[in-house]
Amino acid sequence: MNIYYAKQSLFLYLTPRQKSQLLSYLKSFIKKYSNLSTADILDKFIEEEAYYRDIDNPHFEFILEYLNNDEFFREFKIYTESIFEELKYKEAQKPIIEAQKAKAKELRKKAQDYKMSKMKPTKKQLYYYEKIARAHNVTMQNTENASRLDLRNWIMDIIEPKDDKED
């Protein structure tokens, strides 16, 4: 069952606010115990709510009267199954989302490099380049027509020289 349909069709005997609180809590509860079966999660939920009722600090006072109701158990199981389906779907989508994130990161880096290639270097960048070139005894490039990107690349070449032997 679709999670959105489940939210609309289950626990209709609760007020919208009670339903929202319960479903939000159940979603995090089910995710926390996602390695258990639906029946075990239900047992754990009832056990936990009974414990909090016994110490006079229930999570949901409005749900106490439904803890022995077969309709509540049936709807709880349906909601649990829909959460499991949602978790499976998200897990299946994870590689695609990661690939999209990597591609977006690469595009942002290219855009940043392009922007830097059109800008003049800052005084701090020029000063840092001169200082680091002297410290490493490297001959300095002509910085008259250089861009921020050029200086960044030159500085990185000095700090982290590439080994031609590895290629």
Side-chain angles (χ1 to χ4, degrees), residues 1-119 124-125 128 148-149 151-153 155-167:
M1 177 183 278
N2 185 333
I3 188 73
Y4 303 107
Y5 177 74
K7 285 183 177 182
Q8 298 298 320
S9 63
L10 301 177
F11 305 110
L12 297 177
Y13 42 85
L14 300 175
T15 67
R17 184 176 180 148
Q18 291 172 338
K19 184 176 170 180
S20 174
Q21 289 174 336
L22 179 65
L23 293 182
S24 175
Y25 178 76
L26 286 179
K27 187 171 185 176
S28 64
F29 188 84
I30 293 166
K31 284 182 179 181
K32 181 178 178 183
Y33 296 109
S34 63
N35 57 337
L36 299 176
S37 69
T38 303
D40 291 339
I41 291 174
L42 176 61
D43 291 341
K44 193 145 192 78
F45 176 75
I46 293 171
E47 178 184 310
E48 191 172 294
E49 289 306 310
Y51 168 76
Y52 284 110
R53 180 190 62 217
D54 292 344
I55 63 169
D56 291 330
N57 190 16
H59 285 131
F60 308 105
E61 289 183 27
F62 57 87
I63 207 73
L64 296 178
E65 63 187 84
Y66 299 110
L67 287 181
N68 295 324
N69 186 336
D70 289 336
E71 184 179 357
F72 177 78
F73 296 151
R74 183 183 59 77
E75 290 179 351
F76 185 95
K77 288 179 181 180
I78 292 170
Y79 187 68
T80 303
E81 293 300 324
S82 63
I83 293 294
F84 282 151
E85 286 178 27
E86 182 184 38
L87 291 174
K88 286 179 189 173
Y89 178 75
K90 284 186 177 179
E91 192 64 34
Q93 294 297 314
K94 198 175 254 185
I96 297 167
I97 292 170
E98 292 299 321
Q100 287 174 339
K101 284 181 181 179
K103 186 72 173 171
K105 185 177 181 180
E106 183 181 312
L107 289 174
R108 286 192 304 273
K109 183 167 176 25
K110 284 183 180 179
Q112 177 74 18
D113 287 352
Y114 178 76
K115 185 177 176 182
M116 286 178 71
S117 71
K118 301 297 181 193
M119 299 171 80
K124 283 184 179 180
Q125 198 178 21
Y128 184 68
R148 284 188 186 179
L149 179 65
L151 256 72
R152 184 195 71 188
N153 291 339
I155 290 169
M156 292 310 292
D157 288 343
I158 294 171
I159 294 174
E160 300 172 2
K162 295 178 183 160
D163 294 332
D164 292 331
K165 296 173 187 174
E166 291 180 11
D167 293 336

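Quantities reported herein were computed from a predicted structural model and do not represent experimental measurements.
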In chain order, what residues pass the ring-ring contact (aromatic ring centres under 6.0 Å, His included) check against Tyr33, with sequence neighbours excluded?
Phe29

Inter-residue atom distance Leu149.CG - Gln112.CD, 0.5 Å rounding
9.5 Å

Quick note, ring-ring contact (aromatic ring centres under 6.0 Å, His included) partners involving residues 79-106, not counting sequence neighbours, are none

Within residues 44-60 or reaching into it, pairs that qualify as side-chain hydrogen bond (donor to acceptor under 3.5 Å, both in side chains) - sequence neighbours excluded
Tyr25-Glu48, Glu49-His59

Side-chain heavy atoms of Leu151 within contact of Tyr128, under 4.5 Å
no

Can I get a per-line list of side-chain donor-acceptor pairs under 3.5 Å for residues 60-69, giving both atom names and the distance, sequence neighbours left out?
unit_1: Asn69; atom_1: OD1; unit_2: Glu71; atom_2: N; d: 2.8

Could you list the residues that satisfy ring-ring contact (aromatic ring centres under 6.0 Å, His included) with Phe76, not counting sequence neighbours?
Phe45

Please table the atom pairs, donor to acceptor, closer than 3.5 Å between any side-chain atom in residues 91-103 and protein atoms at least two apart or in another chain.
none

List in chain and number order the residues that pass side chain to side chain contact (heavy atoms under 4.5 Å, CB included) with Lys77, two or more places apart in sequence or in another chain; answer none if no residue qualifies.
Thr38, Leu42

Can you tell me how far the CD1 atom of Ile30 sits from the OG1 atom of Thr80, to the nearest 0.5 Å?
3.5 Å

Can you tell which of Leu26, Leu36, Ile83 makes a side chain to side chain contact (heavy atoms under 4.5 Å, CB included) with Ile41?
Leu36

Run the side chain to side chain donor-acceptor pair (under 3.5 Å) test against Asp40 and tell me which residues pass, sequence neighbours left out.
Ser37

Tell me which donor-acceptor pairs under 3.5 Å the side chains of residues 11-23 have, and how far apart each pair is, sequence neighbours excluded?
unit_1: Tyr13; atom_1: OH; unit_2: Glu75; atom_2: OE1; d: 3.2
unit_1: Thr15; atom_1: OG1; unit_2: Gln18; atom_2: N; d: 3.2
unit_1: Thr15; atom_1: OG1; unit_2: Gln18; atom_2: OE1; d: 3.4
unit_1: Gln18; atom_1: OE1; unit_2: Thr15; atom_2: N; d: 3.1
unit_1: Lys19; atom_1: NZ; unit_2: Lys7; atom_2: O; d: 2.5
unit_1: Lys19; atom_1: NZ; unit_2: Leu10; atom_2: O; d: 3.2

Strictly by salt bridge (Lys or Arg N to Asp or Glu O under 4.0 Å), give each pair with a member in residues 107-118 just once, sequence neighbours left out.
Glu106-Lys110, Lys109-Asp113, Asp113-Arg152

Partner set under side chain to side chain donor-acceptor pair (under 3.5 Å) for Ser117, not counting sequence neighbours:
none

